Amino acid sequence: MNDGQLKDGQPRVIYLKDYQQPDYWIETTDLTFELGEESTLVTAKLNFRLNESKTYNALPSLPLSGEDMALVSVAIDGEVVPAVGYQVDSEQLVLHPQTEAFEATIVTLIKPQDNTSLEGLYKSGGMFCTQCEAEGFRKITYYLDRPDVMSVFTTTVIADKNKYPVLLSNGNAVERRDLNDGRHMVSWNDPFKKPAYLFALVAGTLEYVEDTFTTMGGRDVILRIFVEPHNISKCDHAMRSLKKSMKWDEEVYGREYDLDIFMIVAVDDFNMGAMENKGLNIFNSSCVLARPDTATDASFQRIEAIVAHEYFHNWSGNRVTCRDWFQLSLKEGFTVFRDAEFTADMNSRTVKRIEDVNLLRSAQFIEDAGPMAHPIRPESFIEISNFYTLTVYEKGEEVVRMIHNIVGKAGFRKGTDLYFERHDGQAVTTEDFVAAMEDANNVDLTQFKRWYSQAGTPVLDVTDSYDEAKQEYCLTIRQSCPATPGQESKKPFHIPVAVGLLDGEGEPMSVDAEGHTTTVLHLKEAEQSFTFAADERPLPSLLREFSAPVKLNYDYSREDLIFLMSHDEDGFNRWDSCQRLAIAVLLELVAAIQADEKPVVDPRLIDAFGKVLVDKTLDKAMVAEMLTLPSETLLAEQMAVIDVDAIYQARELVRQTIAEAHRDQLVAIYDHLNSDKPYCPEAEDIAERSLKNIALGYLVELNDTAGVELAKAQFAAAGNMTDSIAAVNILLNAVHGSGKAAAEATLQQFAERWSGDTNVMDMWFSCQAGNARFGTLHKVRELMVHPRFDKKNPNKMRALVSAYCGRNLVNFHDISGAGYEFLADEVVRVDALNPQLASRLITPLTRWKRYDETRKGLMQKALQRIQSHDLSKDLFEVVSKLMA
Ligand code: B3K
Ligand code: ZN
């Protein structure tokens with residue numbers, strides 16, 4: 001523990017401003033793994049060459065990073081180096097080169113079976129696998145483990161043939177033979193230079209499904225998805241998604257796949273969703289495996305998006321990679337943008353935008369407003385794993401999207417063509433990406449680049465005026481951005497604000513001389529006014545399609561919002577007006593509850609929801625989105641002092657009032673959409689299931705048995721997991737007394753049927769832990785010792801602990817403080833095994849300063865207790881920021 005500490009006990013801080021090229025490059029990397037049950041021997045032959053672009057007085061020494069391994073031997077150009085010829089400690093091996101170019105042979109011994117961090121080489125079930133991004137390769141061998149060192153890798157894997165019949169690594173298999181001791185070997189060569197973080201190895205008993213893809217250049221590529229034998233029937237959707245992604249990247253970006261084979265492997269123990277290792281993507285099994293009876297619509301969609309994301313990294317990340325880890329958003333922001341556009345093209349563009357903005361507002365805005373706020377290109381870190389954040393990924397995506405909107409679709413393609421052509425095979429920076437966009441389009445993005453360096457969510461305050469005599473409408477926009485850690489004041493951003501105007505009939509008005517009905521205002525100053533010719537006073541539709549990641553304030557009346565909900569030509573803003581109205585009404589109810597007044601739901605909201613239910617201009621997916629109230633987390637963020645109980649009560653009251661007012665319509669929708677047609681994960685069918693289950697969710701808010709009976713019948717008849725788990729969730733929420741027994745019975749049946757399926761059981765854990773009525777701390781503790789639970793597995797911990805602490809707000813924030821103590825215990829326990837997981841589990845405590853004095857004090861106590869332990873670098877960095 002406490003790797004990378006300075007002598008005074010404080011972990012070392014790494015700064016972007018200190019970046020320097022390495023003194024040596026590694027031209028080729030030749031690895032041999034002898035995998036064993038007790039230990040694994042790794043022989044690395046590395047061809048070093050002095051970096052001639054730097055000047056030296058003498059040949060510099062060469063520090064190679066390495067952790068958690070035993071050094072067996074070092075040789076230079078075939079000559080063994082005696083121990084006095086190098087220095088080795090718990091973090092590095094320092095060599096002292098005598099020539100500008102030489103081959104080092106380094107032999108190390110590692111113990112993957114004891115590696116619980118799930119970083120480097122480790123075992124998941126009976127299988128060996130790797131996760132090297134960001135700095136995991138240094139747990140495999142001593143190396144220049146930094147993304148600007150790109151090398152050609154050859155990997156030989158040797159293992160027992162019975163236990164590990166499948167041996168995989170990056171690139172193309174070049175040799176395969178049996179050894180005479182029961183072992184066999186396979187050698188792989190990856191002809192593309194790559195940084196060590198893209199290295200991968202897998203060994204195990206695996207089966208695969210295979211398909212082929214013919215590239216636009218006419219090459220046939222073999223596609224294989226490897227899984228444990230019992231999962232072989234769950235690969236079709238991922239394979240379909242992969243082929244769609246390959247085609248889309250050719251059509252939209254002109255990017256062709258470059259190796260003869262592309263492989264995906266599913267593993268159960270994985271810290272993240274998936275990893276884009278060159279030619280050998282390794283996935284969390286929850287992000288690959290799907291069959292209609294085992295995976296929900298949400299999983300099917302998530303799988304399609306993640307398969308695409310990892311595949312797209314082959315160009316945006318692998319062929320062109322990051323110079324250093326401060327540039328993480330270069331590959332992540334861009335690749336998330338690419339996968340979001342893919343999803344929008346494959347499904348509904350507006351619905352995808354709504355989902356992404358919901359995530360941004362309910363999680364990234366919160367990160368950006370709290371003690372962990374950082375720019376999408378951070379300036380410093382202690383542990384880079386802590387920066388795989390919503391800010392780097394999702395806000396990073398928004399920044400790329402704004403560039404796309406500034407230069408236009410065709411201009412963006414010109415920019416990416418130039419970027420890939422200029423930088424193929426290089427490790428580059430976000431500056432290089434923006435420069436390619438500027439050069440290809442002849443635009444100046446100097447001010448725009450502040451989005452890369454300034455943290456925080458900008459706030460736009462919009463006012464307007466109408467000059468009857470001049471027939472002119474004027475919008476004045478003021479921008480500001482709150483202080484964030486280390487950044488007291490911010491310079492104005494370049495913010496593209498897409499705007500439309502509606503006349504009194506709700507018809508779109510022209511916003512320019514060409515008759516367009518949407519225009520993009522380029523806000524660059526702290527305050528700017530924009531004038532439009534208008535023959536009547538219009539109602540503005542602001543920030544269409546959410547054209548920038550900002551908070552926008554404009555004094556809409558509730559009638560204005562209801563008008564926009566049914567008339568705005570921008571689908572996103574129809575939904576957003578509904579959100580604004582619901583937030584206003586819910587916060588008004590919260591205030592009444594806090595003041596001990598009788599809360600009365602504004603009937604205009606109830607009427608508006610009634611109109612949405614029968615609006616023929618909205619498709620079903622949009623109705624489903626509009627009928628979904630803002631989350632408790634999103635509402636919490638609107639309050640100066642968060643009151644989780646009042647928020648929960650207000651939401652429940654609104655849901656019950658809607659159900660009472662529109663019961664007949666909800667029943668009609670449910671009956672109409674409840675069909676037994678075969679499952680299909682296409683957008684239209686997904687929308688039907690979603691709307692049907694939302695209607696049923698409202699019906700169980702009524703204090704009678706009708707909804708409960710429908711949900712029981714749905715569970716009994718369900719032919720797919722979406723309807724099955726929805727019925728369980730709905731019963732868990734039922735108001736009527738009969739709901740509880742029904743929920744318990746379905747949970748039991750569910751567990752009996754699915755106890756052998758680890759991914760399905762995660763849903764079972766999660767729906768209980770995340771439920772306010774059911775998920776008490778007592779229940780969660782009971783589930784922690786369930787035979788199907790595994791306290792080391794990240795998916796299981798997220799399904800139980802993160803669902804309870806992050807979603808079940810009323811129970812987690814119980815005034816006793818027991819929830820906080822429980823989380824502190826788990827965080828400390830997990831930190832000793834898997835620091836990356838621990839530093840994510842702690843997230844529900846990050847907003848501790850926003851609660852009432854009692855809860856604040858209790859959370860502070862829990863954090864202090866965590867801080868009193870000997871922490872990993874990961875957790876140390878997070879806790880220090882929370883307590884600053
Ligand atoms: N690049 C990986 C993330 C790996 C994170 C390791 N701590 C997944 C992705 O963004 O595609
Ligand atoms: Zn990624």
Side-chain angles (χ1 to χ4, degrees), residues 357 398 401-403 405-408 443-448 450-451 454 456-482 489-581 583-584:
V357 173
E398 295 294 327
R401 181 174 294 279
M402 286 189 286
I403 297 179
N405 293 345
I406 290 170
V407 300
V443 289
D444 180 358
L445 295 172
T446 310
Q447 183 186 357
F448 182 85
R450 288 180 189 155
W451 284 103
Q454 298 189 144
T457 307
V459 179
L460 304 189
D461 289 296
V462 184
T463 52
D464 59 353
S465 59
Y466 182 64
D467 187 328
E468 185 86 56
K470 287 196 193 148
Q471 304 237 308
E472 262 180 18
Y473 176 67
C474 177
L475 277 173
T476 300
I477 313 182
R478 214 153 36 81
Q479 64 163 300
S480 58
C481 182
S489 65
K490 319 283 166 96
K491 296 201 174 111
F493 291 87
H494 172 183
I495 303 176
V497 186
V499 170
L501 304 175
L502 277 71
D503 70 14
E505 304 296 310
E507 292 299 319
M509 297 166 75
S510 348
V511 285
D512 57 22
E514 287 89 59
H516 293 118
T517 55
T518 299
T519 188
V520 177
L521 309 176
H522 289 274
L523 178 67
K524 295 185 176 178
E525 287 156 33
E527 182 173 325
Q528 242 170 299
S529 292
F530 303 88
T531 306
F532 304 85
D535 52 16
E536 63 177 281
R537 186 184 181 107
L539 179 63
S541 163
L542 302 164
L543 208 66
R544 283 188 157 173
E545 286 184 3
F546 202 68
S547 60
V550 300
K551 294 181 186 168
L552 185 142
N553 300 318
Y554 172 81
D555 194 13
Y556 284 117
S557 69
R558 292 187 187 180
E559 282 72 21
D560 290 342
L561 293 171
I562 291 165
F563 191 78
L564 288 169
M565 275 172 68
S566 52
H567 292 100
D568 201 329
E569 62 175 340
D570 183 62
F572 176 84
N573 268 2
R574 288 182 77 171
W575 168 80
D576 202 31
S577 305
C578 186
Q579 284 280 297
R580 282 174 187 270
L581 179 65
I583 290 172

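Quick caveat: nothing in here was measured; it's all calculated off a predicted structure. Side chains are part of it too, since the values below use all heavy atoms of this structure and drop only hydrogens, waters and symmetry mates. Counting from 1, the numbers follow the sequence of the chain as shown.
Distance CD/Q579 to CD1/I583: 5.5 Å, rounded to 0.5 Å. The CG atom of D461 sits 10.0 Å away from the CD atom of E527 when rounded to the nearest 0.5 Å. Here the straight-line distance linking atom OG of S541 with atom CZ of R574 works out to 11.0 Å at 0.5 Å rounding. The distance from the OG1 atom of T519 to the CZ atom of R544 is 10.5 Å, given to the nearest 0.5 Å. Put simply, CD1 on I403 and CZ on F448 are 4.5 Å apart, with the number rounded to the nearest 0.5 Å.
Contact detail for T457 and P549: the closest heavy-atom pair is CG2-O, 3.7 Å. Heavy-atom minimum distance, D503 versus E536: CB-OE2, 3.3 Å.
Within the 4.5 Å cutoff, no side-chain heavy atoms of L564 are placed close to those of N573. Residues L539 and Y556 meet the side-chain proximity criterion, which asks for heavy atoms closer than 4.5 Å. Side chains of P492 and E525 form no contact here, defined as non-hydrogen atoms less than 4.5 Å apart. Contact check for L460 versus I495: side-chain heavy atoms found under the 4.5 Å cut-off. In this structure the side chain of D576 never reaches within 4.5 angstrom of the side chain of F546, judged on heavy atoms. Side-chain contact between L502 and P538 is absent, with no heavy atoms from C-beta onward closer than 4.5 Å. Put simply, the side chain of T518 does not reach to within 4.5 Å of the side chain of D570, judged on heavy atoms. Side-chain contact check for R580 versus D560: every heavy-atom pair is 4.5 Å or farther apart.
Counted within 6.0 Å of CZ on R450, heavy atoms from surrounding residues, nucleotides or ligands total more than 12; the atom is thus considered enclosed.
Applying the side-chain hydrogen bond (donor to acceptor under 3.5 Å, both in side chains) criterion to T517, with sequence neighbours excluded, gives E569.
Ring orientation note: the planes of Y473 and F532 are tilted relative to one another, at an angle of 30° to 60°.
With Y466 contributing its side chain and A534 its backbone, the two residues share a donor-acceptor pair below 3.5 Å. The main-chain N or O of P482 is found under 3.5 Å from a side-chain atom of K490 such that the two form a donor-acceptor pair. Formation of a donor-acceptor pair under 3.5 Å by the Q479 side chain with backbone atoms of P458 is not found in this model.
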